[in-house]
Structure formats: C-alpha cells, structure tokens
Amino acid sequence: MPSVLGATLAAVIVGGPLLPQWALFILTIAFAQGLVALGLMLLLRAGLVSFGQALYYCIGAYTAGGLARAFNVSDVFLQMIAGAATSALAAFVLGFLLAKYRGIFFGLLSLALSMILYGLIVKSEALGSTDGLNIAQSTLFGVRPASAWVRYAVAVAAAFAGIGAAYLVHRFLETPLGRLGPAIKDNEIRVEYMGASVRHAIHVKYVIAATLAGVGGALAATTVGHIDPEMAYWTTSGEFIFITILAGTGSVLAPFLGALLFGAIHTLAYDLSPHTWQMSLGTALLLVIVFLPEGLWSLFARRRAG
Amino acid sequence: MDQIGPVVVDGIIYSAWLFIAAVGLTLIYGVMKIVNVTHGSFYALGAYAGASLTGAWLARGYPPMLSYAVLLLAAVLVTLVFAPLIERGLLRFMYAKDEVVILLITYALFLILEDTIKLIWGVDPYFVAEPYALLGSFEVGGLRYPTYNLILVGLALASGGGLAWLLRGTRVGKLLLSVIHDPEMSRAMGVNVGRFYLVTFTFGSMLAAIGGSFTAPTVSVVPGLGVDVIVLSFAVVVIGGLGSVPGAALGAVIVGLARSASVHYMPQVELFVIYSVMAMVLAFRPRGLFSIAEPRRI
C-alpha cells in the first residue's frame, strides 16, 4: 500500500505541471471530496451512514474562510490544520450523543445537525448569509505562488493531505480498534461480549471521519475561493454518500478514485447535457447499489483474487 | 403580544401545509419501512402537473371555480403515472435490503426524477395565481389572509381524518395493520401484501403530490422545488415518530407554530428552530414523541 500511495503522490508532483488548470482544479476537488468520503467509508464499514457529513465539511470550510478573512492566514496547510481541529472538536462533543445511534436514526440525527448549521449560516449576515464569502488566494509556507502556479501548488498540498490521510487510515484499519468496524456491522452484541466498547469505537471513528471532512472542507474553500451555506445542505451530504457508495469500502484508495470519477461524471454529463446530469448520477448510483453492492472497488479486488 | 393572533393563524396554515406534505412519508414508512426521499419529487411533480394543467384549463376560459378540482385531478393523474412505475418496476425487488440501502435507492431515484421533471416541463418557472386570488380574503388581528389558505387547512383535516378512518374503521385498514405488524404471517394468511405495498406507496406519494399541486398557485414553480420539502417533511415525521399518523399531525403543529413564532418574533432563527426541535426530539426520544417501545432484536 505505501508504494502505491507514494507513486500516486509522485505522479501528482511530476505530472501536475503538464495538466491544464481545469484538470488541476478537478483533481484538487477530488482530493477534498475523497477525504470526506474516506471518513464516511470508516463509518460505513461499521454499518453507519451519515446523512450530515456536510456539517464538518462546512465547519472546515468556514474555519479556513474565517482564518483567511479575520487573520489574513492564507496558508493552505494552516487552513487545513485549523479546519481539522474545529471539526474534530465539534465531533468530539456531538459524538457522545451520536455514538448511541444506529441505522436510520444515526442518519437522521446527523442530517438534523447539519441542517441546524445551514439554518444558522443562512440567516447570519456576518457569515455572508446565502451569498457566502470570498476568500483570498491561497499561499504555501508564506510564499504566494505566481497566479499560473496557484492551482498546481494547492493540488500538491491536496495530494499530500489526501495521501497522508489515506496512509494513516490504512494503518488505523490494521489496529484492533480499526478492525472492529466490520464486526460492529455484523453483530454488535458479540463485540460487546468480546470486551470491546462499541460506543467508544464508534465515537473514535466518528471523530476521525469529521476531522477528515474538516480538512476536505478547508481544502475546497481555498481551492474554490468561495464558501457558502450550501456546503452544509443535505444535498452536499448526499454527494459524499454517493461517492462513498460508488467507490466501496474495499480500500483507502477507493474514496479518492470515487471522488475523481464523480468529478469526471459531473463535468462530462454537465457538458454534454446540463439538464440531465443528475439523471446520469442517479442511474450510476442505482446500478452500483443493485449490481455491485461492494462498490466499484470490488471489480479490482475480484480480479486480484481470481 | 398583539401578534399572538397572526402567529397562531400563520402557524395553523403552515402546519396544515406541512401535514399534507409529510403525512404520506410517515404512512409509507409505517407500512413499508422505507424512508422515501422521492417524496419530495412527488411534491414537485404535483406542483408542476397542477400548475400546467390548471394554467391550460384557465387559458381555455373554462370556469375558474373548477380549477380546484383540476389541481386535485392533476396530482392524482401524475402520481398514477409515476408511483406504480417506481414501486412495481424497482422498489419491490429491494424490500429484502437494509433500510439504509433502500434510502440510498430512493435518493438515486430522486436524482433521476429531478431531471425527469426538467425534461417534461423545462426549466422556466410556471405561475398560476388565479386560484389563489379567487376566493377573496379574511382578516385576523389587522392582517389579511387569502381565503385560499383555508382550503389547505380543510385538505389537511380531510386527509388526516380520512386516513384515521381508513386505518381504524375499515376492513382494508385492519388488513393493512396486520401487514404492518407481520408481513410474513399476513402473506401466509392469504393477504396480498404486494398489492398493499403498491397501494400504500401510490397513496402516500399522491398525498405529497396533492400538497405540491395546492401549493403551486401560491409560489412560482421552479426546478428544485421538492428539495427543501424533503428535509422539512423528514423533520415533521421524525418529531412525531416515524410511521405514526397522529405523530405526523403533532410534528406538523409543533414545527408550524415554532416557525410562525420565530418568523414574527425572531426571523433570524427560523430554520434553526425547526431542525433544533428535530435534533432535540431525536436526542431525547429517538423514536419520536408518539412512539411505542420496540424490543431490541439480537
């Protein structure tokens, strides 16, 4: 796994300058959304579907935006760290409540929480209300890249964050706590009998997932240069779930490939016929759920096993 | 305190609207255990069908008083086209799957229906304000309200009362309760469970479409109309307890009054209030205010 991750990182650094600006943009956004989906994957392995992960995406984005506007901090890495910290804090507190919930109720409660944030931002003049806020151009370690190189610099930062996170989650999945996920999904009571605390395991996973979503949100904010309350709306959460289901839970790379594919379908379908791109997304999701319940990654895995 | 009259009237009108929009969702969940995201799509379908059909009706110069019947007819027709297609064509093969997976399937269907609506009706807004203005207005506490709003209240009472009667007072309703209680056993006793699912899905979706078509005269009908309705009706239904019709009524009244009070006294917390109530209810009574204890399954 580390060799694959290293190769991906090298490919982005070496290949990045050859890519056009729009492709770098899609790549960076794919890393941002992939980070959120990576967190959702952790939860999904334990059988939990969060319909409100946009909450932490939005918290991350507004933290980055706040830093940029109030303190003039435009460094990509600082913004990502701050986004991760605020999201982790929020998830740590809310996790005490959410770790008690399973199935549909976990989804609905996380949905309600994200909609509360949406309701707050929409009506708050200071946070830009429905129009959102613009954010100054990103810098890297105090250096402001020439405007032709900003996208490349942010893409490389995104690759470091995304691949670093993928490696850490990969390591986490090999720890006893990480391995509990599928066991919880399978049979919670047996896990309790083995002496592990299901609630604790879910709380930890929930905080990790939120942290990743916070990094993703900060990254998206600095890439797009604009934040708005739609980032907390339920349709945004829906997109993340879409990516996670599309990719499957087979590998830590899957969410990033899923996000890249989502970006590709989105751009392509939007280009070809702007009024039916949601239909293409919906059809793709339906086909994956029905024919590939383990996601697209299971195609790779099956070939390797066979 | 002089605003208390308008707060109550607004609250009742909004509650009635919420109840019509949400009660089908709780019915479908109660019977089929599906958290149905396409509910919002049916609301939008109803709104588009109502607006276009009533627009055509009025443009031909037919009696405007009958436009209310046309609104109802439009909602019924559009549901009869789409709901059986979705239930028979797709959902019935999915009932064995997990609740969350079925939710994702209806989410995929919602995405598809969003664009289907754009393909049928285009992306330009529709306006039919005539039925809204036709009945004049009444006055409460110095504020004028269009009498049209009373139709919404009447519809909410009729659909709520009708459902209660259907479930408690008729043979079909008793059979339906047996299906809710134990589909396997009902099937063994010769109840056509598949047909009950089809009828429930169609009827529940029809209520959403009626909600949409009767809202059409009060707004401009644009793409994305159903998106907000989905989360709002989720909130209403969750507050009362998923699957409970009286619960949906209670949820609608709570959300309706909370919203109208916040609009009159503190407009900046409008949405915040609604979803905070939802979160509070989930935090303290996860199965809603009108719930019965369910044994934990191993």
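All chains are named by letter (A, B, ...) in the order of the sequence lines, taking the proteins before the strands, and each is independently numbered beginning at 1.
Distance check: A:I116 CD1 to B:I274 CD1 gives 11.0 Å after rounding to the nearest 0.5 Å. Here CG of A:L117 is found 11.5 Å from CG of B:L271. Values are rounded to the nearest 0.5 Å.
No side-chain heavy atom of A:M279 sits under 4.5 Å from any side-chain heavy atom of B:L111. Here the side chains of A:L108 and B:L242 are in contact, with some heavy-atom distance below 4.5 Å. Side-chain contact between B:K118 and A:Q278 is present, with heavy atoms from C-beta onward closer than 4.5 Å.
If you measure heavy-atom distances from B:F110 to chain A, the contacts under 4.5 Å come from the side chain alone. Looking at B:V37, only its side chain comes within 4.5 Å of chain A, counting heavy atoms on both sides. Residue A:F106 does not touch chain B at all, counting heavy-atom pairs closer than 4.5 Å. Proximity to chain A is limited to the side chain of B:L119, based on heavy atoms less than 4.5 angstrom apart.
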task: Would you check, one step at a time, whether the test side chain to side chain contact (heavy atoms under 4.5 Å, CB included) holds for A:F51 with B:F234?
output: CA-CA 12 Å; A:F51 253 86; B:F234 273 16; over 6 Å; no

Begin with the C-alpha distance, continue with both residues' side-chain angles, and end with the deciding distance and a verdict on side chain to side chain contact (heavy atoms under 4.5 Å, CB included) for B:V227 and A:Y233.
-> CA-CA 10 Å; B:V227 180; A:Y233 200 58; 3.6 Å; yes

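A:L286 and B:I105 make their closest contact through CD1-CG2, 3.7 Å (heavy atoms, listed as atom of the first residue, atom of the second, distance).
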